[in-house]
Amino acid sequence: MIDLKLIREKPDYVRQAIATLQVTAPIDEILDLDEQRRNLLSQVEALRARRNEVSKEIGRLRGGPGTEGLKEEMRQVGEQIKALDEQVKEVEERLRRALLEVPNLPHASVPVGKDESENVVVRTEGEPRQFDFQPLPHWDLGPMLDIIDFERGVKMSGTRFYILKGLGARLQRALIAWMLDLHVQQHGYTEIYPPFMVREECLWVDGKLPKFRDNVYHDAEEDFWWIGTAETPLTNLHRDEILPADKLPLNYVAYSACFRREKMSAGRDVRGIKRGHQFDKVEMYKFTTPESSYDELEKMVGHAEDVARLLGIPHRVVLMCTGDLGFVAAKKYDVEMWAPGCQEWLEVSSISNCEDFQARRGNIRFRRERGAKPEYVHTLNGSGLALPRTLIAVMENYQQADGSIVVPEVLRPYMGGIEVIR
RNA sequence: GGAGGGAUGGCAGAGUGGACUAUUGCGGCGGUCUUGAAAACCGUUGUGGGCUUGUCCCACCGGGGGUUCGAAUCCCUCUCCCUCCGCCA
């Protein structure tokens, strides 16, 4: 949610910024509702002030002469208040809903562009390995080594499901444990194990709702929504709190399973384990002060890159242009790993500075010093990293001519010392 | 799943229809005293919103609704917490 005052005071600036995102937002409706609301409030508050005063007078008179008349008058004032209150409530609800549909505005350093074709590759690190044989895609390697079982996954749960087996499952578990340890021990994050199911409200706060309703699974009978990312529970961790400034930045890292309907990408990436309805991810999250959030963003990108560096896998960093920013980010980078088998750059991380967009929706604030007014924090999130794709990158980059896979050195302690999967 | 008890300010905890402008204590902040500190004493201490920007007004006692001239207080409902029983990993 962006600041209503900004829309009220600089509507043209807001309209123009949103246009660069290639989306529309109900700015005129918001301006109209905002004015209606303030008019109604002035009226109803004046009436309430009068009623408060007269009611106190009635109390003082203790049912003496004239109180019946006053009571009758206040009954009528009460009716007016009630009628106006209903209008206020309706206008405020419409205003709130409209504000929740406005995307975040891009930071000045974000390149303007119409879609992903205008994203900017910021840097590429690591040389793609030269193979003296034809490297295989993971969907061939997995079944050959009996570490991925596509058929039985589909038998149980349908398309976009698979089973990791034996050392395949172990390798994923090793990646998760190693990445968590890396971020906790080397990068200063605090580990969180969050709920994988949350109440609807949490999805409004982090900005998944209203836009991405079609991509979220939820229980039809109870208010349980399956998270599509640990960003959702992490954003809500400090909802409705005022954090002390000297505790910032707060750095969290969480492993979670993630669930996505993928209705919008039907038919895309159906081969292999790149895009499933269920996947694992290690997610980084920061609550910072406004003045430090862009430094923290660069640090977080570095933390995601460290995973690629330490695994010895070539990667690149891509800066999203305005047309590919999405709903909540003011600035966003993707980290992509090179996968020589399927011959593509795999998006293994997406790192965003949401500035105060989520903080407003979740009322997450901080206080600079005792007595100072609370201010909204800035929030950042980034994958560190997404599992199935990292698993793909490891398998395809570390494959050998006989189809076996060398275990990257950093993972061996987490694999019971196993050096090769064969 | 069954029965009962709860939710009040940073914390503890009083308040059962008008004196609540929410008692009191602790903590925090400022001051007096002191070489300094402690103690004592005095003062102060939340969050939003409105336009007429003021010694101004409105809202907020878990959320929502209702009764009333007037609700922290009475009624309905939801959420969460606690105790006991049952079940369960």
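Model, not experiment: these values are computed from the prediction. The sequence lines fix the lettering, A, B, ..., with proteins before strands; numbering per chain opens at 1.
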task = Give one of base, sugar-phosphate or nothing for L41(A), where a contact means two heavy atoms less than 4.0 Å apart.
result = sugar-phosphate
request  = Please check the phosphate of G48(B) (OP1 and OP2 only) for any side-chain N or O of R365(A) closer than 4.0 Å.
outcome  = yes
task = Ignoring backbone atoms, establish whether R75(A) has a side-chain N or O less than 4.0 Å from OP1 or OP2 of U68(B).
result = no
inquiry  = Quick check on C58(B): is either OP1 or OP2 less than 4.0 Å from any side-chain nitrogen or oxygen of N52(A)?
reply    = yes
message = Can you see whether D149(A) engages Y162(A) through a side-chain donor-acceptor pair at a distance of less than 3.5 angstrom?
response = no
query = Looking only at atom C1', what distance separates U45(B) and C11(B), rounded to whole Å?
reply = 14 Å
message = Does C80(B) have its OP1 or OP2 closer than 4.0 Å to a side-chain nitrogen or oxygen of R199(A)?
response = yes
ask   = Base, sugar-phosphate, or nothing for R37(A), non-hydrogen atoms under 4.0 angstrom?
value = sugar-phosphate
query = Is the phosphate of U47(B), meaning OP1 or OP2, less than 4.0 Å from a side-chain N or O of R367(A)?
reply = yes
query = If we ignore angles and hydrogens, is there a donor and acceptor under 3.5 Å between the side chains of Q400(A) and S404(A)?
reply = yes
request  = Among E296(A), E355(A), E298(A), find the one that has a salt bridge (Lys or Arg N to Asp or Glu O under 4.0 Å) with K286(A).
outcome  = E296(A)
task = Give RNA chain B the dot-bracket treatment, 5' to 3': Watson-Crick (N1-N3 with N6-O4 or O6-N4) or G-U (N1-O2, O6-N3) under 3.5 Å, [ ] crossing, | other strand.
result = ((((((((.[[[..)..(.....]]]((((((.......))))))((((((..).))))).[[[[[..)....]]]]])))))))....
request  = Select one nucleotide: of G18(B), U67(B), C58(B), the one nearest the side-chain heavy atoms of K82(A).
outcome  = U67(B)
Side-chain N or O of K56(A) closer than 4.0 Å to phosphate OP1/OP2 of C20(B) = no
ask   = OP1 or OP2 of G50(B) sitting under 4.0 Å from any side-chain N/O of R8(A)?
value = yes
task = Answer yes if the ring centres of W226(A) and Y217(A) are under 6.0 angstrom apart, and no otherwise.
result = no
message = Check the phosphate of G70(B) against R51(A), side-chain N and O only, distance under 4.0 Å to OP1 or OP2. Yes or no?
response = yes
message = Quick check: H378(A) with F357(A) (ring centres under 6.0 Å apart)?
response = no
query = Using the P atom in both, what is the distance from U77(B) to U23(B), to the nearest Å?
reply = 32 Å
remark   = The nucleotide from G18(B), G48(B), G50(B) with an atom nearest the side chain of E45(A) is G50(B)
inquiry  = Between S265(A) and E262(A), do the side chains contain a donor N or O and an acceptor N or O under 3.5 Å apart?
reply    = yes
message = Under 3.5 Å, is there a donor on one side chain and an acceptor on the other for E191(A) and Y255(A)?
response = no
C1'-based separation of C75(B) from A59(B) [nearest Å] = 23 Å
request  = Using the P atom on both, measure G30(B) against A71(B) and round to a whole Å.
outcome  = 40 Å
query = Distance check: side-chain N/O of K373(A) vs OP1/OP2 of G46(B), anything under 4.0 Å?
reply = no
